[in-house]
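Notes for the one structure printed next.
Along the sequence shown, residues are numbered consecutively beginning with 1. Remember, it's 1-based here, ligands and their atoms both numbered in the order they're listed.
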Amino acid sequence: MASSAADPDRVKPSSCSNPSRKVRIVAKIRGFTDQETESLNGDSAPWISVRKPNEDGSAEKTTVSFGDQSTRNGYEVDYCYEQNEDNSMIFSREIQPLISRVFDGQNVGIIAFGATGSGKTYTIQAFVKSIPEFHKLYFAGCNLRRATKQVPFEKQRRSHKGLIIHIICTQGCSSTKLLGKINLVDLAGYEDARRKSVESLNLFDSSRVNKSLYALLNVVNALNANENRVPYRESRLTRMLQDSFGGRNRALMLICLNPLSCQDTIYATSLASRSLQGVNRIFTNATMKAKTSAKPMVTKGRLEIASATSKKPTSSRAQFSEKTSSCLVKGRKLFDKGNQFMTSEQAKAPSNIALAMQSRFLPDVGSATEPSLQESVQEQEDSVSDSFPATLPTDEESSLRNAPGDAKPSEEKDVHLCSENKHSEVAANVDRNMKALTYLEEGDNMEKENKNLLINKDESPPLSARLRDLTNNLKSLYAATPIQMKIPNETDTSSRGLVVSTDTVEPKTPVTQHAITAKDKWEVATDTSSRDLAVYTDIVEPKTPVTQNALTAKDKWEVANCQSVTFNARSSGFKHSLVHDYLRFLNSASKEELKGIRGIGEKRASYILELREESPEPFKNLDDLKDIGLSAKQVFIDLIVAYICFLVFQDI
Ligand SMILES: Nc1ncnc2c1ncn2[C@@H]1O[C@H](COP(=O)(O)OP(=O)(O)OP(=O)(O)O)[C@@H](O)[C@H]1O
């Protein structure tokens, strides 16, 4: 059913494609099955037309077109193997050169992509010499796949299958070993989600699979376009295949074509062909958020499906919330045991993101102790920071994780975690943090990280200095933490003086006290005018818990002010609100206010104002922060820390 415009043997694949291309895209038209041959009964009007470069120069590229499209330009591919070109030809031309790379210590990926029933499995299996061994591995893998719970009928769940072969190669007599890897991937069949949703009511399955396929095609697209940023993080599939792409590694994408009329084959070829040209990205919800300038590759309908599936509570949010909550819990643990007066209402008190941000971003934030706490939480946060994307987490991941039994809706989980873990493991946790930080302080990579941080010359001190401060502050904090203090009885007459101190001390008592004791006592000794201070110091020192009273007025105001804001912010995606507020702040704050943000000094603040003169809203997403030399990841962490600090202070 396929016709060719040129003799395939006359065209070598390498001569008609860019050899430096990281991912080669080759089409393969499947042979007819016995059943198909029977039903065709000699009627072999070609549905697929292939045009290949030829000597007379009438065609420069290999293109594939379908049915009536044969008059149009068709879809460009690196090469197209037709029905008369069997798998052994593909093996010798495409696979063997890749295998020799593996023996040089490179990784390669061989990926079969195409519509359902287009011969992907058949083709991939042909590349494994020992079929019994392949079958053993392959079917063992198939059995491991989780049974579908969500699909209401007995249709087998579509999923990707892969075989990873590690090859260790010793070079001659030397002890050097080269480690290479072959990733053989049989992708789930591409199905147009709109059509299948009507036919099989399996929308969830379709969109889940398609999103990961789009993510893969976006990666191929970025690699072939030599883009600086390759969006590997958009799906679990691309993260797994990451080491087969980029650098010296090469991959082959085999587009399997159904020889009989098949709409999905046309879609699949169209998508793959665009990845070859490295021009247009497929836009899932997540990529749309990250970049707004490029043209979408998918139709409106498909985008709608993607957004429809992402409207339910996603588990990337759940994952995010879980992490945030655990950080939050860690942050709270620093104070929790001293939190004896905290009522259950306070424990459940909603938090105000905007206020948290203000307290973080505006210059007049509080005492010198606050940064130490923020830093401490931030450093704890670093342990999970790798999982926080510079751009926001994706929907594909969400839908994968949202598989039945995988995750609870995020809000539920968030609140649950926060409240459940409030009062546990304080001392052990602080101790662990101190050890971890001390270890970090002595770490080998410190110099390298210092260099990186020194790029941000405006404000940030070297990491080692920050960690040293942090360790010291944590030690102070640990020493001064209310766990070790005697908590006075509220009716105790000795606490009368506390009434005086409550107005001044506010939430940052634990560390401040310690600092005051050391420094201010000296001042008391040397300065005759500081009699009041002496009284103040004596009164405040042992009576930390009264800060709870001191906070009451402030907290009441905050809680009253933020009930609705917080609820909305949380329910509509807490991270989006944080980021949005932060960017709005950058777009509108005065120079002095900007200078209050960590990482922004005089120069950077002036530069931001210049950018604002050129465009009223220069910061639309976190990626735009690169323009002013700020790391999106760092800012994202800062936002979370600000939020945590707000909660911590609120709970004291
Ligand atoms: N070159 C070929 N010649 C003859 N029959 C073929 C050829 N390639 C595939 N087939 C047959 O076509 C059918 C579908 O092939 P296969 O299962 O490999 O498709 P698939 O794309 O992997 O499908 P799915 O997406 O459902 O996994 C099988 O019956 C297979 O035997």
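The protein non-hydrogen atom at the shortest distance from atom 20 (P) of ligand 1 is Lys120 N, 3.5 Å. Ranking the protein heavy atoms by distance from atom 18 (O) of ligand 1 puts Tyr122 N, 2.8 Å first. In this structure, atom 13 (C) of ligand 1 lies nearest to the protein heavy atom Thr33 CG2, 4.1 Å. Atom 19 (O) of ligand 1 has its closest protein heavy atom at Gly119 N, 3.1 Å. Summary of contacts: the protein heavy atom closest to atom 26 (O) of ligand 1 is Thr116 CG2, 3.4 Å.
Judged by distance alone, the side chains of Glu94 and Tyr81 do bring a donor and an acceptor atom under 3.5 Å apart. No donor-acceptor contact under 3.5 angstrom links the side chains of Ser244 and Asn249, judged on distance only. Residues Asn226 and Lys22 have side chains that bring a donor and an acceptor to within less than 3.5 angstrom of each other.
Among Ile124, Asp186, Asn258, Thr121, the residue whose heavy atom lies nearest to atom 22 (O) of ligand 1 is Thr121. When the options Gly117, Ala112, Gly31 are ranked by their closest heavy atom to atom 3 (N) of ligand 1, first place goes to Gly31.
Closest non-hydrogen pair, Pro259 versus Gln83, comes out as CB-NE2, 3.4 Å.
When heavy-atom distances to ligand 1 are checked against a 4.0 Å cut-off, Ala188 has no atom that comes that close, whether in backbone or side chain.
Contact annotation for atom 28 (C) of ligand 1: protein absent (non-hydrogen atoms, distance under 4.0 Å).
Ligand 1 is never approached by Gly114 to a heavy-atom distance shorter than 4.0 Å. Taking 4.0 Å as the cut-off, Ser118 counts as a neighbour of ligand 1 on heavy-atom distance.
A salt bridge does not link Glu234 to Arg229: none of the charged nitrogens lies less than 4.0 Å from a carboxylate oxygen.
Of all atoms in ligand 1, numbered sequentially from 1 with element shown, those under 4.0 Å from a heavy atom of Ala115 are 21 (O). Proximity to Gly189 (heavy-atom distance under 4.0 Å) selects the following atoms of ligand 1: 25 (O).
Between Tyr232 and Phe245, the angle of the ring planes stays under 30°, which puts this pair in the parallel group of the 30/60° scheme.
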Next on the checklist: What verdict does the side-chain contact (heavy atoms from CB on, under 4.5 Å) test give for Val185 and Leu241, after you've listed the backbone C-alpha separation in whole Å, the side-chain angles of each residue and the deciding distance to 0.1 Å?
Outcome noted: CA-CA 9 Å; Val185 186; Leu241 292 177; 3.6 Å; yes
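The shortest side-chain heavy-atom distance between Leu583 and Leu625 falls under the 4.5 Å cut-off.
Under the side chain to side chain donor-acceptor pair (under 3.5 Å) criterion, Asn107 pairs with no residue at all, not counting sequence neighbours.
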